[in-house]
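To start, the structure under review is shown below, and the notes come after it.
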Amino acid sequence: MSNKVRNITVVSDLCDGCNECVRACEKVISKVSNKVKKKIAAIKLIRNGSSYFPIICRNCEDAPCVTACISGCRKREEGGWVTTNYERCVGCWMCVMNCPFGAIEMLMEDHVAIKCDGCLDKEVAPCVAACKTGVLSHMDINDYTAQTRKEAAERFLSGSAIR
Amino acid sequence: MRHIIIGNSYAGINAVESIREIDKDGEIIMISDEPYRAYSRPLIAYYLSGRMTDSDMYYREPTFYKKHRIRLFTGERVGGIDIEKQNISLENGTSFRYERLLISTGGKPSVLKIKGFNARNVFTFTKWDDAKKIRKFAKEEKRGIVLGGGLIGVKAAEGLNACGVKVMMVISSPRILSLVLDEISGEIVNNHLRRSGIKTIIGHSVKDILTNPKGDVCGVILDNNKRLECDILIIAKGVRPNIDFIKNTSIRINRGIIVDRQMRTNIKNIYAAGDVAEAWDILNNKNSVIAIAPLACEQGKIAGFNMAGVERFYSGGIGMNSIVVAGLPVMTLGVSNTVNGNTEIKYFHKGRLYRKLVFHENRLAGAILVGDVRYGGVLTHLIRSQSDIKDIKKELVDYTLKTGEFISPSMGFSHN
């Protein structure tokens with residue numbers, strides 16, 4: 001059990017679609033299991049018009065991928081992140097059928113359902129390290145909302161919000 | 001507080017995990033009629049095919065029971081429940097008093113009551129022991145017949161096929177997986193199965209089972225008098241809730257045990273969850289038995305929390321399944337093959353790729369995905385939440401909606 005507390009926070013309006021996070025993830029995710037033969041990433045960018053949005057595991061509180069897993073290969077670590085034991089994944093796609101965020105990738109031939117396991121063994125997750133625009137960060141979600149509130153208040157006080 | 005859990009599979013295991021999250025000191029007893037610690041039932045097909053070893057089968061780590069301080073009784077059957085005395089008795093004579101009881105005894109296979117059904121080369125296919133026994137018979141060049149074209153039948157046929165057995169499926173319904181697939185998807189799956197080496201006879205049932213002088217089954221006679229020979233026969237004619245042992249109690253049953261949103265039966269300290277329970281069914285607007293692993297786990301969790309004194313409510317389930325048929329992924333969600341007046345259906349079909357969306361007014365009621373099942377969870381979520389999909393309908397039909405990120409603010413999933 002890893003008790004490392006990991007937060008990967010997404011501030012999407014900054015994303016310019018450079019894809020560096022995806023490339024960084026590809027390099028590490030292939031090493032999670034010998035079963036992974038194909039190039040894959042556990043983060044992907046969705047394009048909507050001219051804007052981009054990174055899709056990554058959100059570690060739902062009542063994680064449907066854990067409840068739906070028939071082999072029991074997914075579990076929540078003490079630190080809060082949901083991780084996968086890929087040796088036990090059979091590729092039944094029950095988690096894919098239950099992930100509301102579409103954040104699980106299927107490796108059909110390798111019978112593995114890949115999701116972001118947080119890179120808990122690393123101080124900084126490679127996707128976060130690779131992100132130049134600050135979309136991905138290890139900021140705590142409470143700090144993040146406090147910051148956005150503060151920024152909003154500052155905008156309001158300086159009058160920029162009502163211009 | 002003493003919690004007793006009858007059953008040791010998905011619902012039971014998830015229940016005890018929830019109980020222990022809240023109640024660190026209470027006593028927990030689990031009773032299973034099988035000789036194993038919890039294993040993954042659906043994996044018996046992989047086990048039969050040889051893809052899984054014994055140690056791959058277990059659902060939780062070996063230390064699970066010790067870690068959660070659970071007294072596990074394996075190989076024991078519950079004979080009866082005395083609701084007044086809050087007592088359960090095992091068939092071996094032992095009895096236990098409970099303060100909270102969870103019935104999570106799952107389902108049991110329906111059997112054909114025709115001559116020969118209990119021969120030693122006739123099997124059902126729901127438990128690990130079934131797979132173990134079948135393995136001994138399933139040798140190269142043997143001929144196997146599978147009766148039933150549902151999920152269990154398909155998985156049994158695939159397992160036998162992987163062992164080198166020449167398999168024939170006899171399906172009395174008009175198509176394979178007839179409860180969830182429509183005509184086109186049934187055709188795709190059937191063709192795919194046949195290409196993998198499994199033969200199918202569709203629309204015919206078995207009239208007679210033939211036995212040889214040794215008492216072993218050696219063939220079947222179909223309703224059209226056609227005779228098929230076999231060395232092994234698997235009966236996969238559905239599963240029903242395992243409730244025989246409570247039939248003379250005052251616990252309310254219909255097809256399964258009727259439970260409220262807290263997974264409580266009509267008796268206030270008795271709960272039920274999983275394939276044995278008849279719980280809220282979102283699309284049919286009533287309670288029904290939906291015997292699938294993800295819902296068994298969800299219901300088990302809810303039952304566990306309530307048993308430990310923390311109120312949690314089941315939001316209701318939908319029928320859904322994800323299976324891989326000879327390498328072809330298939331997902332069926334919600335109402336996937338029935339049509340009524342207010343229903344609008346959108347199809348996409350190209351070769352082995354098939355996608356069907358069933359809309360009911362401004363809601364998604366069901367879907368079938370064959371070949372490409374990516375982002376199926378987004379659809380599941382839209383169906384379960386019965387969200388208004390007016391604004392995203394085009395994306396749904398074009399299959400460009402790859403995430404629920406922007407459409408699920410009110411669906412009860414909080415981020416960490």
Side-chain angles (χ1 to χ4, degrees), chain A residues 1 5-10 12 44-48 53-73 75-76 79-82 85 87-106 108-109 111 113 118 140-142 144, chain B residues 10 13-14 38-43 46 51-52 56-61 64 292-298 300-301 312 320-324 327-333 369 372-382 384-385 400-408 411-416:
Chain A
M1 270 261 167
V5 176
R6 169 70 91 206
N7 292 289
I8 299 182
T9 302
V10 180
S12 69
K44 63 171 178 260
L45 298 185
I46 297 231
R47 189 179 175 165
N48 182 14
F53 191 91
I55 303 294
I56 187 168
C57 174
R58 308 305 298 256
N59 284 272
C60 303
E61 202 171 280
D62 253 331
C65 62
V66 177
T67 327
C69 178
I70 61 169
S71 71
C73 77
K75 67 163 189 223
R76 187 178 301 280
W81 204 272
V82 172
N85 175 355
E87 306 317 312
R88 308 213 50 229
C89 178
V90 297
C92 69
W93 320 129
M94 280 284 188
C95 56
V96 176
M97 183 173 72
N98 281 280
C99 174
F101 295 108
I104 301 175
E105 293 298 319
M106 299 167 59
M108 299 262 288
E109 293 81 18
H111 308 290
D140 178 83
I141 192 75
N142 294 321
Y144 170 66
Chain B
Y10 294 119
I13 294 292
N14 278 273
Y39 66 91
S40 302
R41 282 257 177 103
L43 298 187
Y46 296 102
R51 224 183 99 190
M52 301 261 113
D56 294 332
M57 292 294 287
Y58 294 103
Y59 181 53
R60 289 290 185 258
E61 68 282 6
F64 178 84
I292 55 172
L295 296 185
C297 296
E298 276 183 48
K301 272 182 156 179
R312 288 278 183 96
M320 55 181 168
N321 240 310
S322 165
I323 62 162
V324 182
L328 183 73
V330 179
M331 270 182 203
T332 58
L333 313 170
L369 305 175
D372 181 1
V373 301
R374 288 174 300 159
Y375 324 120
V378 180
L379 304 181
T380 301
H381 216 50
L382 290 173
R384 290 189 78 169
S385 60
T400 52
L401 191 75
K402 293 179 178 167
T403 177
E405 190 75 54
F406 314 112
I407 50 173
S408 53
M411 297 183 192
F413 282 88
S414 49
H415 303 164
N416 73 340

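Labels below follow one simple rule: chain letters A, B, ... track the order of the sequence lines, proteins then strands, and each chain is numbered from 1.
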Where on [X] is there a heavy atom nearer than 4.5 Å to chain A: the side chain, the backbone, both, or neither?
X: Met331(B); result: side chain
X: Arg51(B); result: side chain
X: Leu333(B); result: side chain
X: Tyr59(B); result: both
X: Met52(B); result: side chain
X: Val373(B); result: both

**Item:** chain B contact via Met106(A) - side chain, backbone, both or neither, heavy atoms under 4.5 Å
**Value:** side chain

**Message:** Need one label for Cys73(A): side chain, backbone, both or neither, based on atoms under 4.5 Å from any heavy atom in chain B.
**Reply:** neither

**Asked** Listed by chain and number, what are the salt bridge (charged side-chain N to carboxylate O under 4.0 Å, His left out) partners of Glu61(B), not counting sequence neighbours?
**Response** Lys67(B)

**Request:** Enter the distance from Cys92(A):SG to Tyr46(B):OH here, rounded to the nearest 0.5 Å.
**Result:** 6.0 Å

**Asked** To the nearest 0.5 Å, what is the distance between OH (Tyr375(B)) and CD1 (Ile55(A))?
**Response** 9.5 Å

**Prompt:** Would you say the side chain of Glu298(B) lies within less than 4.5 Å of the side chain of Asp62(A), judging by non-hydrogen atoms?
**Reply:** no

**Prompt:** Should Asn321(B) and Met94(A) count as side-chain neighbours, where that means a heavy-atom distance under 4.5 Å?
**Reply:** yes

For [X] and [Y], indicate whether the former's side chain and the latter's backbone hold a donor-acceptor pair under 3.5 Å.
X: Thr380(B); Y: Asn98(A); result: no
X: Tyr10(B); Y: Thr67(A); result: no
X: Arg88(A); Y: Tyr58(B); result: yes

**Fill in**
Only one of Leu401(B), Thr403(B), Thr400(B) passes side chain to side chain contact (heavy atoms under 4.5 Å, CB included) with Ile46(A), and that residue is Thr403(B)

Can you give me the closest heavy-atom contact between [X] and [Y], atom names plus distance?
X: Ala293(B); Y: Ile70(A); value: CB-CG2, 3.9 Å
X: Gly327(B); Y: Met108(A); value: O-CE, 4.1 Å
X: Leu43(B); Y: Ser71(A); value: CD1-CB, 4.0 Å

**Request:** Just jot down the ring pair (Phe, Tyr, Trp, His ring centres under 6.0 Å) partners of Tyr39(B), sequence neighbours excluded, or say none.
**Result:** Tyr36(B), Trp128(B)

